[in-house]
Amino acid sequence: MAKQEDQFKKVISHAKEYGYIFQSSEIYDGLSAVYDYAQNGVELKKNIRDYWWKSMVQMHENIVGIDASILMHPTTWKASGHVDAFNDPLIDNKDSKKRYRADVLVEDYCAKIENKIEKEVKKAEKRFGEAFNKEEFKSTNGRVLGYQEKIDTILKRLGKSLENEDLVDVKALIEELEIADPLTGSKNWTEVKQFNLMFGTKLGASAESAMDLYLRPETAQGIFVNFLNVQKTGRMKIPFGIAQTGKAFRNEIVARQFIFRMREFEQMEMQFFVKPGTQKEWYEQWKETRLKWHLSLGMGADNYRFHDHEKLAHYADAAADIEFKFPFGFKELEGIHSRTDFDLKAHEEHSGKKIQYFDPEENKNYVPYVVETSIGLDRMFLAVFSNSLQEEELENGTTRTVLKLPAVLAPTKAAILPLVKKDGLPEIARKIVDDLKWSFNVSYDDKDAVGRRYRRQDAAGTPICITVDHDTIKDNTVTVRDRDTMEQKRVLISELKTIVSEKVDLQNWLK
């Protein structure tokens, strides 16, 4: 656990040092669980968003996008169930006066048991070497099976208690497991209570006439209320999807773990409308499709797993999370949910408008079922960033810090470096920048020795460095250095655009 915490601290420190993420309003001591994306962070975030959008909308003829407003009519949230049921189970420690999410305390307890499983696996790996079969070991080793059975029993009970709103049993579970306050070790807990997470605001010129509104806690409802508008104007036929990215707001009392859980965050969601009775088939298909998208970035299959929900939301008949191995353990990255026809029917009931689809093949109207894919953009940012940050020991005994971002997502695709600031080399380098910047985000760097500049670009995540030297004047060639392998080769200036394109082109990654 200490090693994980150290790694996470390095992630947070590196994010600030290299212009990825700053604490919001830092000069005023910041605002808890609110962050600003800096000059490199905004580029990485945009590139993740584009990678999702192009794969989801551009590559699917039957999926279109919208951008719904953050402020919506308040009845929207009554219909969706957020007014009555959008709560977190919270528990206070009487000694430390700290407040925690009760379910997260239990999940963290289970994560510690998972760490014990990982230790058993690593010990076995050392013992058996190349002959080691990880999956076979985990499915046959008695100690591992015992640990896993304990995790499954705990989470099943937690899910059932939350589904039945049995908060007394949630507290009883915490006490039976002897879960202590992470800060003080105290086990002196209050009762578990529900707390609504929506931010309230007002719309109107005066306090007397102002309408009470909410900042949207999710982006999905903007899609549902626009179902008919999009379907009719786009002449969309079932099955079809509507995608959206945008900000959402939740008054997280226990916001923590850097940008993993924030009060202002961004979602990337797609609601896929299908014929009733086909939702399970589409649910399985979208689970497979979304995992393939994640794996296309090359961040390691072992870092992903599916987690089927024990407790289903009131609108779902199936739900699973794609979990990612963050520095603090496996946590939810993306949710795939079979939402049934709950949302459209609820809005039909509360609005008094008929929200249905006329199926020409069936020659009848029906309310479509919905399969949702929903990923947190900020969590995806953290997954990419934390997985990419590595310390490497080199052959000469030195170490380097390198941010091995997938090249397609990297903020700067190439850095152009004149070997020295004289002899016409900066002018040639500037000309290369001017040529490449039409197609790629590139940078120019002439400060310090070239070796130092390489290290700086490694740490910033730039996949390619292009060095202009005195031979460039003679033969129009430059040195291209790869961030990950540190290999260098001479190429013609005229070949640079093709070389960078092959490295970062979306088609080469998504295929």
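Start at 1 with the first residue, then count along the sequence.
Taking the six-membered ring for Trp and the full ring otherwise, the centers of Tyr20 and Tyr18 sit at least 6.0 Å from each other. Here the two rings, on Trp509 and Tyr51, have centers that are 6.0 Å apart or farther. Aromatic ring centroids of Phe227 and Tyr357 lie 6.0 Å or more apart.
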Evaluate the side chain to side chain contact (heavy atoms under 4.5 Å, CB included) criterion for residues Ile174 and Tyr100: first the C-alpha distance (whole Å), next the side-chain angles of each, then the deciding distance (0.1 Å), finally the verdict. CA-CA 12 Å; Ile174 288 171; Tyr100 299 93; over 6 Å; no
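With respect to the salt-bridge test (charged N to carboxylate O, under 4.0 angstrom), the residues Lys187 and Glu175 do not qualify. Salt bridge annotation for Arg157-Asp169: present, with a cationic side-chain nitrogen under 4.0 angstrom from a carboxylate oxygen. Between Glu391 and Lys10 there is no salt bridge, since no side-chain N of the basic residue sits under 4.0 Å from a carboxylate O of the acidic one. Between Asp50 and Lys54 no salt bridge is recorded (no basic side-chain N to carboxylate O distance below 4.0 Å). Salt bridge Arg49/Glu43: absent, no basic N to carboxylate O contact under 4.0 Å. Looking at Lys287 and Asp308, a side-chain N of the basic residue comes within less than 4.0 Å of a carboxylate O on the acidic one, giving a salt bridge.
With sequence neighbours excluded, the residues forming a side chain to side chain contact (heavy atoms under 4.5 Å, CB included) with Ile12 are Phe8, Phe258, listed by chain and number. Listed by chain and residue number, Ser351 satisfy the side chain to side chain contact (heavy atoms under 4.5 Å, CB included) test with Lys353 (two or more places apart in sequence, or in another chain).
Between His14 and Phe385, the ring-plane angle classifies as tilted under the 30° and 60° cut-offs.
With no hydrogens or angles considered, no side-chain donor-acceptor pair links Asp166 and Ser161 at under 3.5 Å.
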Show the atom names and distances, to 0.1 Å, of all donor-acceptor pairs under 3.5 Å that link a side chain in residues 229-243 to residues at least two apart or in another chain.
| unit_1 | atom_1 | unit_2 | atom_2 | d |
| --- | --- | --- | --- | --- |
| Asn229 | ND2 | Asn226 | OD1 | 3.2 |
| Gln231 | NE2 | Met236 | O | 3.0 |
| Thr233 | OG1 | Asn229 | O | 2.6 |

